[in-house]
Amino acid sequence: MDAHLRILRKLEKAGNDGIVASELIPDRVAREFVLKYLANKGLITRRRRFRGERVFITPKGLNLLKSEGNGIS
């Protein structure tokens, strides 16, 4: 779960710009596995643009970070 929280913290810092998925998790297989898990839990949203994909944190993800005491705000 620590790795998932680290990913959410990076997304929180990126704000409305999000992060390119391949920069967030370089390994393609691991990226698909982890991002699918986080998206199914409602913690992130994934948006395809051209050939790439950007990842954004959701309000539910922000609430999880705040409850863990690791949020920016």
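- The CG atom of Asp2 lies 11.0 Å from the CD1 atom of Ile7; values are rounded to the nearest 0.5 Å.
- In this structure, Lys41 contributes its side chain and Lys60 its backbone to no donor-acceptor pair below 3.5 Å.
- In this structure, the separation between CD on Glu68 and CG on Leu8 is 10.0 Å, given to the nearest 0.5 Å.
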Distance-only criterion, 3.5 Å: show the donor-acceptor pairs between side-chain atoms of residues 14-28 and protein atoms not counting sequence neighbours.
unit_1 : atom_1 : unit_2 : atom_2 : d
Asp27  : OD2    : Ala30  : N      : 3.3

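- How far NE2 of His4 is from CZ of Arg6: 10.0 Å, rounded to the nearest 0.5 Å.
- Remark: Arg46 CZ to Arg31 CZ distance equals 9.0 Å, nearest 0.5 Å.
- The distance from atom CZ of Arg54 to atom CD1 of Ile44, rounded to the nearest 0.5 Å, is 13.5 Å.
- Leu5 and Phe56 are assigned to two separate hydrophobic clusters, defined by single-linkage of ILVMFWY side chains at heavy-atom distances under 4.5 Å.
- Once rounded to the nearest 0.5 Å, the distance linking OG1 of Thr58 with CG of Leu43 reads 5.5 Å.
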